[in-house]
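Structure record follows, encoded as C-alpha cells.
Order of the sequence lines sets the chain letters (A, B, ...), proteins ahead of strands, with each chain counted from 1. Please read all numbers here as calculations on a predicted model, not as lab measurements.
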Amino acid sequence: MDIQFRQLEKWFGTLQALKPLSMTIQSGEFVSLVGPSGCGKTTLLRMIAGLEDPAAGPILFGGTPVFDSENHINKPPQKRKIGMVFQDFALWPHMTVFENVAYGLKATGRKREVKEKVTDALKSVQLDAHHERYPHQLSGGQQQRVAIARAIATDPEIILMDEPLSALDASLRDEMRILLQSLVKKLNMTAVYVTHDQSEAMAMSDRVVVMNAGEVQQTGTPEEIYQRPVNDTVASFIGKGTLLDGLVTEVEEVPMLKVSTEVQIPLSSKKTKGLKPHDWVHAIIRPEQVKLDTKPSEAGLAGVVETVSFLGERYEVSVKLHGCNERLFAYTHEKTAPGQEISLTVRNTIHLIQHKGGLTHEETA
Amino acid sequence: MAHVSWTQRVNKYLALTVLTLLVLMPLALVIMRAVTPEGTFEGFGAFSILGEGMYQEILLNSLLLGFGVVILSSFIAAPLAFFMARTELGRHRWIDIVLIIPFMTPPYIGAMGWILSMQSNGYAEQLFPFLAPVTPLFFTYFGMVLVMSLHLFPFIYLIMRNNLENIGGRLEEAGLIHGGSFGYRLRRIVLPLFVSGYSMGALLVFVKTIGEFGTPVTLGNRIGFYVLTSEIHRHASVWPIDFGTAAILSTMLLSVSMAVWYFQQWFAARTHGKVVSGKGQTKAYTPLGKKQIFAWLYLAGVLGLAIGVPYFSVASTAFMDVQGRGLAFDNLTLRHMQDLFTGSGLEALWNSVWLAGIAATISAAIGLWVTIIIMKKRGTVEKGMDFLSIAPNTVPGIVVVVGLILFWNAYWNPAPVYNTWMMLVTTYVVLYIPFTVQNIKAIYGQLGDSLFQAARTSGASPWYVLRTVLLPLILPGVLAGWIMSFTISMRELVGSLILRPPNMHTSATFIYSQFEQGTVAQGMAMALVTVGLTTVVLIGVEKMKERSQRYRT
Amino acid sequence: MKKQLSIAAGTAGILFLGACAQTESEQGAENDLNEAAEQNETNNEEAAESNDSEEADHEETGELTIYTSGPAGMAEALVEGFEEETGVEVDMFQGTTGDVLGRLQAEEDNPIADVVVLASMPPAMDFKERGMTMAYESEYADSLRDGWYDEEFHYYGFSASALGLSYNTELVDEVPEDWSDLTDKQYADQIAIPDPYESGTARDFIAAYVNQEGDAGWELFEELADNGLQMEGANNPALQSVIGGSNQLVMAGVDYMVYNNIQDGEPVDIVFPESGTMVTPRPAFIMESAENVDSAQQYIDYILSDAGQEIVADAFLMPIREDIDVHEDRADIDEIEQLDFEWEYLEENGEAYLERFQEIVR
C-alpha cells in the first residue's frame, strides 16, 4: 500500500513544524525520515499515524484519503490499519507478552486469529518463549521484539517506526536492525522509519528523506544522498567529510580547487564541463576519497596527523593540511601517530554542492 | 489529538459544571454572605470587626498554631521519611499503614485521649505519679501543637518519603562523585530538590491545621486558646447564632489559606521540583546495619505518642466500668461495647460505612473523570478545573460546610438534597475530591503518552483504550484515592454534625454527642470500633491495590 | 486483567462514562451513555420532586420533623412513644441546643422543622418575639407549673433540670452547701463550670445569679476565679472532668446527668445550694412555618400527657405537670431553693454578662 501526501503541512502555534510537503512512498518501500531533533520527522510520522492532525493537505493510503481537510476526512489512528513501533517500546506493563501482542487483534475483534497470529508474530521476532512474562521481566532487546511483534501481529500493510532502536545498546541495535529490515521485506510492508541516526537510515532504507527545520532537504537513495548531497545540511548530516570552498583554477587542463594560495586540490581526474577558472565552488571531500601516504612525497598534499581513531578494520585519521586551515579525514590500514608528517592525495571526482560561475577573485577573498 | 470532538467538549464542560456546583458555588456564597449579611450589599464594612483586638488575637492564634504544627510535624516526619525511603526499614511496608492510623484517628478523639491521659488525676498520673509536674504543660499552646502534629504528621511524612524516593540515587551519586560531603550533598542536592515537594506538604498541613475543628474545640476551648475555626463554630452553633460573622471569619480563614497556597505555588515554581530523568532511576539506599535499632526506637517513640497514648486512653475509657474508679483490672467491662451494638450506635456506625463508601466511590469517579480531562490537555478551562478540584483541600472544612448549607438549602435551589443523606455524601465528596484527584494524578503522570498511542495504532477505539489500558494502569491511584476518601469520610465530624439529616447519626456525630450529652465511654467504644473497622477496610483495599499492581513485581 | 476490570467496573458507572468521552473519539457510545446517566439523574430528581409537590398539596407531609436537644435517651423515647400512640412518623434531628439553633438559622430561608425542643428558655422567647413560633393551647394547660410555659401558649417547658453543685464523692471531704463555700482553699484549682459559651444553662445561671445578688454576684465570680475556677466545655465534659478526678466539683451543672452517672455507679453526687439555684425548663414549641401543624400539636399534647411526662421523669428531669412525680432517686422541686430572677432580665443582659464573665474567668 502506498502513502501519498500533497502539500501536507503542520503548525504548532506560530511555529511551522512541517513546511508544505508532497511525496509518494511506494508500496513495499522502506523510507527513512532522518534529521536532527526538532526537524519535523516525528511530526510527519505522527501525522501519518493519525496522532497529529495536519493543518492542510491530504494523506492517502493506497489512493484512499485517511486525512483530507477539504472533505473533512480524518480517520482516527485505530481506523488506519497500521502498525507502529515506539521509541520507548510503549509496552503495557500490566499485560503479559502474549496479551501485548494480542491486543490489536482483540481490539479489532479478530479474536479467532489471536492464538495463531500472536504465535507467528512472536516466532518471527525469535521470541517464542516468555509468552506469560510481563514486560518488566524482559531485557531491553526482548522488549523491543515484543513491540515489533505487536506492530506486525495485525498484518498491517504499513508499519511506522519512531526511533525504535535508539533505546538499545549498540550491539543489540545492529541485530535488531537486521531483524527489522528482513521482517519488513518479508512481510512486504510499506515502512516509514524515523531516526536521527543517519547510518541506520542509510543501512536500512530504500529511500532516505533528510529533513531540517520542518523542511525536506533531499530525498533519494542512500547512495544519492551520500554521494551527491544537495546542500551543506545534508552533506554534513549524512556521513563524514570535510566541506571546502574556493576558486577553480586549472593546472594542465585538470580543474583544481584552490583552497589557499598554497593548497590546491584536484577536482576531478577527468575534464569537467562547465567548470571555468575563477568559478566559486563549495565541495565535500569524503574520507574514502583521501589516500594517505606515510612517506612524504612531492605529488600529494602535505599535512600533519592530528587524531587517530581505531575502528577495528581500519583507522580513521584526521589530517591538518599545511598551508591552509582545513582538515581532511581519511581511512587507512596503516597505523599512524599524531604529529606525524604525512602526504595525501584525493581520488575520484569531488562532489560540488554549490557552484557559481564568473566571480572575480576579489569577491571571494 | 489536537482535533477536539464535540463529545469531548461537552464532556469537559459537563465536568466543569459539576465542579462548579460542588465547589465553586458554595465557596462563592460564603463570600457573598459575608459582604451581604442582610441580603443587600453593605460593602466591606462588615469586615471592620476584623479590626477588633479579639479577632486579631484569634487570627494570630490560628497562624501560630499553623506554623507550630508545620514545624513540629516536619520534625517528627523527617527522620521517618528518611528511614522508610533510604534504609532497611523501607522493606517493611506495614509501617506505612501503621503510620496512617494517627491520621485516621478523628482529631477530637486524639485530643480527648490526650486530655484523659494528661489531666490531673488522669491516666498518666495514675500510672506514673511522677509525671504530675509535667502534665499541666500539656494544657497550653504546646499541648495543642503536639496533639495536632501527631495527628497530621503522616501527611507530611508521605510527601517527604515519596519525594526522597523520587530523588533518585544517581543524582546523589553524581554529587558524591563530584566530591560532595554528606552535609554538602544534603544541602545542595537533596534539599533543593526536596523543598518544593515539601512545601506542598507543609502547605497542606498548615491549611489542615488552621481549618481543623476537633482539637481546638476539645482542647483549645478548654485552655482558652481560641482560633478561627472554634470561633466560626461558636457563631454557627451557639446562641445567638450569627452566620454573618461566621461567614466573615470564614472568608478570613479562606484568605489566609489562599495566601499561603499562592505563596506555595510561587515558591514551587521558583524551585525546580521536576527531576530531569533519563533512563531508570536507581534507588538511593543507606543501610544502617546495627544502627537500625535507633531507627526502630524512634519509630516506636513516635508511634507510642501518636497511637499509644491516645488509644490507651480511648481503650481504657471504653472498657472502664466506673470512670471515677480509674485504672484497675476489676474495673473492666464490656458493657459499653454491648450498649454500642445493641443501641443506636450500631446504626450510626453502619450509616458511616455506607455513606463513606458511596462518597469515596463518587469522589473517586469524579476524581478520575476530572483527572483524565486535566491530564489530556492544559487549556484555561482545564487549569480552572484543576484548581477547583484541589480547592477544597486548601479551604478549611468548616468554611466549605457553611458554603454547602448556603448553597444546598437556598430557597432557589431545586435539588432535594439538603436534609437527606445525599447532603452528607455531597459534603464528603466535596471535601475529599482533592485526595482522589491528587492520587490519580500522581499515577497518571507517570504514564507515557505512547502507551495510549500504541493502543490507538493497534486499532483500539478510545473506549477500548480507556478500558484496557488507562483504567487498569491508574487503578492503583483510584484505589488509593478511594481509601483516603473513605478513611476520612468515616471520621468526618464538622460537616456531619451540621449537615446530617434528621434521624441520622454517623459514627463521628455519635461520638461527639456522647461526649456532649451521653456516656463518654460509649463514645470511646465507638471510636475504637470505627478505627478498627476502617483499618480492616484499609487493609482490604490495600491488598486489592497490591493485586492490581502485581505485574510490577 | 479481568479481575481488575471488574473491580474498576464495580467502582462506579460514571467513572467510565465520564472518563471515556475524554479520549478522542468519533462521537460515541460513551456520550450517549453519559447523557443517559444524566437523564437518569434528572429523572430521579424529577421523581423526587414530584413526590414532594404531590404531598405538599395536602397540608401535611405525613412526617413530623422535630429538632430536639436534650438527653439522647429521652428524646428518642418520646418520639417512639409518640409514633406508637399516633402512628405519625417522625424525622428527628437530635443535637445540642447549639446544633439545633445553628440548623434553624441555616435553614432560615427554607425552614424544615415543625417542632423544636431546646434546653434553654431565652432562645425560645426570642423565637416567639420574632414571630417564628405558633401558639397552641394544649388540653393539659391547666395542670402545668406556673412560669414553665408561655402564657400565650407559644412554648411549653415540658421538662426541667436544676443546676447544682456536682462533686466527686471520693475527692471531696467536706461537701459545700452554697456557692460561696467554693471560695474555700480546699477546692482551689479543682472547681469547674460548664463553659457558658457552650452551655446555655450555665449562661442563664450567671445572669440569674447576678439578677438576685447584684454586684455581690460579680464579687463571688471574681473570688471563684481567684480560687481557680475553670471552664470545661459543655455540661457533660465538665461533669466528666469531675468523674475522672481532674476536678473535685462542677458548679451550675445540670442535675439529670449527675443522677444518670450515680445510677451507673460513678462516684458523684449533687447538692443544691441554699442561696438558690436555677431551674431551667426545656421549651418545646411549634414553628410558625410548620407544615404539619396537626401532628405538631399532637406531639405537644403527647409530651405533656401522662405517658410523655413519665418518660421525662424517668430521664431524671422534672415534669412540668404538677400531678406527675419526679423520679424517686432525685431531689423534688420543693427541695430545691430557687433564685429570684426575671427571664426578661436574662434575655436583656445575657450577652453582656457572658462577656464580662469570660473576662473574669479566662
(request) Let me know if R150(A) has heavy atoms under 4.5 Å from chain B in its side chain, its backbone, both or neither. (result) side chain

(request) Answer with side chain, backbone, both or neither: which region of L160(A) has an atom nearer than 4.5 Å to a non-hydrogen atom of chain B? (result) neither

Does atom [atom1] of [X] have more than 12 heavy-atom neighbours, drawn from other residues, nucleotides or ligands, at distances under 6.0 Å?
| X | atom1 | result |
| --- | --- | --- |
| K185(A) | NZ | yes |
| R6(A) | CZ | no |
| K81(A) | NZ | no |

Looking at every heavy atom in both [X] and [Y], which two are closest together, and how far apart are they?
| X | Y | value |
| --- | --- | --- |
| Y103(A) | V469(B) | OH-CG2, 3.5 Å |
| L51(A) | Q453(B) | CD2-CG, 3.6 Å |
| Q78(A) | S461(B) | NE2-CA, 3.7 Å |
| L473(B) | H94(A) | CD2-ND1, 3.2 Å |
| A49(A) | T457(B) | CB-CG2, 4.3 Å |

Any side-chain heavy-atom pair of [X] and [Y] under 4.5 Å:
| X | Y | result |
| --- | --- | --- |
| R456(B) | P76(A) | yes |
| K106(A) | Y464(B) | yes |
| S458(B) | T154(A) | no |

(message) Looking at W92(A) and L451(B), would you say the former's side chain and the latter's main chain have a donor-acceptor pair under 3.5 Å?
(response) yes

(request) Heavy atoms only, distances under 4.5 angstrom: which of A153(A), A107(A), A151(A), P135(A) has the most pairs with chain B? Name it, please. (result) A107(A)

